[in-house]
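Structure first, commentary second.
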Amino acid sequence: MSLPPLDPDAQTHSERLRGLIHAVIADAGGAIPFSRFMELALYAPGLGYYSAGSTKFGRAGDFVTAPELGSLFAECVVEALAPPLRQLGADSSFLEIGGGSGAFAEAALRHLATLDALPARYAILEPSADLRERQRERLRSRLPEALNARVEWLDRPFDQPWQGVLFANEVIDALPTPRFVIRGGEVMEEGVSVAADGGFAIVEVPADALMGAAVRHVERQRDEGAFPEGYRSELLPQLPYWIQAVMGPMQAGAMLFIDYGYPRREYYAATRDRGTLRAFHRHHVVDDVFARVGLQDITASVDFTALAEAGTGAGFDFAGYCSQAMFLIGNGLEERLAAQEEAAATETARYALRRQVQQLTLPTAMGERFQVMGFERGVPFEAAFLAGDLSFRL
């Protein structure tokens, strides 16, 4: 697949980031872990994909997330999270990890207000200064002042005891991930060096104890047993630490994660021996994650079995796991669609709503590729997953 040529400003931007990563590689002695390369490519201040100023979301960007399609997605998520919020009371908090364009927060706050389930504060933990400013401007211009006043942005997770709900949509897939490969029966980790042509090249170094133990843990759960020679994939041994970091001193509430991925046995199937790593640029999947550095998203699918282990390891009870389609259907999608269709002024608007539902639920769109997992502590949250439970696959 050929992509359109870059304009001079984009080319210059990419070359600047490539130079920065080259310098980091040189300082490290000639190679850095792939996870470090991915971190710089996505989050280097002012240059990384999520830190720079180009449009990421929607038709004008590189990919479309569920909140960008319309408000139905956010309204169904709120239908699921409103009962825990009401039970926890007026002092509860809503913590969104990675706010994207602000589309989810806008729709969620409006629907929380209609359900009389507004939290005392709606906090967005957003590492990108550029995205944070875009979110702030969107909410300031589109929300009533009374709702906008509840929104705050965090530089770091809550550091004081809190209760409420934590929500993350398409966040874990963007965590910088280590990559492993099996050589001679041993676990090796992928590193990145400078290629002869000035780009980047993969090198392989012995994995550390944490990575090696994590790979062997996965092997014990594979239907096919030990990984064969040359098997290559991603693994996030740091996921439990990330969960505990973003939840902070959360005393009670619910956590909800939505992302694309698979249960472990499917993630590490024999047929998926190249892993799930890929990049996105202008709505095209790009196999070369080293191309157009800083101008394309880099992502890997989520091992939902690992997420279940991390959530329960953080002291929460497992609430449920299902496809996005069944989660939305089980949390009022039909009712929300009917309400919006009734309020729609034209047949064109009603058609757009039905198209939105198709994109959210069809197996060939987002419906089956995206999975939903929840956790609870001190509040019941299992009812959100009564439709289409898939926990037996974990």
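The pair Glu219-Arg222 fails the salt-bridge criterion, with no side-chain N (NZ, NE, NH1 or NH2) lying under 4.0 Å from an Asp/Glu carboxylate O. A salt bridge between Glu204 and Arg232 is present, with a side-chain N of the basic residue lying under 4.0 Å from a carboxylate O of the acidic one. Of the charged side-chain nitrogens involved, at least one lies within less than 4.0 Å of a carboxylate oxygen, so that Glu347 and Arg354 count as a salt-bridged pair. Contact check on Glu39 versus Arg36 returns a salt bridge, with a Lys/Arg side-chain nitrogen under 4.0 Å from an Asp/Glu carboxylate oxygen.
Side chain to side chain, Gln135 and Arg138 fail the donor-acceptor criterion of an N or O pair below 3.5 Å. Checked by atom type, the side-chain pair Ser93/Arg121 shows a donor-acceptor distance below 3.5 Å. Side-chain contact annotation: Tyr50 with Asp297, donor-acceptor N/O pair under 3.5 Å present. Judged purely by distance below 3.5 Å, without hydrogens or angles, the side chains of Tyr260 and Thr299 pair a donor atom with an acceptor atom. Using modelled atom types and a 3.5 Å distance limit, the side chains of Tyr268 and Ser233 yield no donor-acceptor pair.
With contacts defined as side-chain heavy-atom distances shorter than 4.5 Å, the pair Asp259/Asn169 does not qualify. When side chains are defined from C-beta on, Phe37 counts as touching Val293, because their heavy atoms get closer than 4.5 Å. By the 4.5 Å heavy-atom criterion applied to side chains, Pro237 and Pro178 are counted as neighbours. Using a 4.5 Å heavy-atom threshold, the side chains of Leu394 and Met373 count as touching. Using a 4.5 Å cut-off on side-chain heavy atoms (C-beta onward), Arg86 and Leu115 make contact. Counting heavy atoms from C-beta on, the side chains of Asp303 and Leu239 never come closer than 4.5 Å. Using a 4.5 Å heavy-atom cutoff, the side chains of Met38 and Arg179 are not in contact. Arg140 places a side-chain heavy atom less than 4.5 Å from the side chain of Glu137.
For the pair Gln221 (side chain) and Arg264 (backbone), a donor-acceptor distance under 3.5 Å is absent. A side-chain donor-acceptor contact under 3.5 Å links Arg132 to the backbone of Glu126. Under the 3.5 Å distance criterion, the side-chain polar atoms of Glu234 are left unmatched by any main-chain donor or acceptor of Gly275. Panel note: side chain Gln238, backbone Pro176; a donor-acceptor pair is recorded below 3.5 Å.
Atom CG of Asp389 sits about 10.0 Å away from atom OH of Tyr321, to the nearest 0.5 Å. For the atom pair Glu15 CD and Leu20 CG, the distance stands at 14.0 Å (nearest 0.5 Å). Expressed to the nearest 0.5 Å, how far CG of Leu85 lies from CG of Asp116 amounts to 11.5 Å. Note: Phe180 CZ to Glu189 CD = 11.0 Å, rounded to the nearest 0.5 Å. The CD atom of Gln340 sits 5.0 Å away from the CG atom of Leu353 when rounded to the nearest 0.5 Å. Note that the CG atom of Asn148 and the OH atom of Tyr122 stand 12.0 Å from one another [nearest 0.5 Å].
Between Tyr262 and Tyr267, the ring-plane angle classifies as perpendicular under the 30° and 60° cut-offs. Between Phe385 and Phe381, the ring planes are perpendicular. Angles over 60° get that label, and only those under 30° would be called parallel.
Crowding of Glu342 atom CD: a count of heavy atoms from other residues, nucleotides or ligands under 6.0 Å not exceeding 12. The number of heavy atoms from other shown groups lying within 6.0 Å of CG (Asp197) is above 12. The environment of CZ in Arg16 is sparse: at most 12 heavy-atom neighbours from other residues, nucleotides or ligands sit within 6.0 Å. Enclosure of atom CG in Asp7 by more than 12 non-hydrogen atoms of other residues, nucleotides or ligands within 6.0 angstrom is indicated. The number of heavy atoms from other shown groups lying within 6.0 Å of CG (Asp288) is above 12.
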**Message:** If you apply the rule side chain to side chain contact (heavy atoms under 4.5 Å, CB included), what do you find for Leu17 with Tyr49, and how did you get there?
**Reply:** CA-CA 10 Å; Leu17 179 56; Tyr49 177 77; over 6 Å; no

**Request:** Would you sort out whether Phe290 and Phe200 count as a ring-ring contact (aromatic ring centres under 6.0 Å, His included), showing the intermediate values?
**Result:** CA-CA 6 Å; Phe290 295 138; Phe200 301 100; 5.8 Å; yes

**Item:** Criterion salt bridge (Lys or Arg N to Asp or Glu O under 4.0 Å) on Glu133 and Arg136, from CA distance to verdict
**Value:** CA-CA 5 Å; Glu133 187 53 40; Arg136 184 178 284 113; 3.2 Å; yes

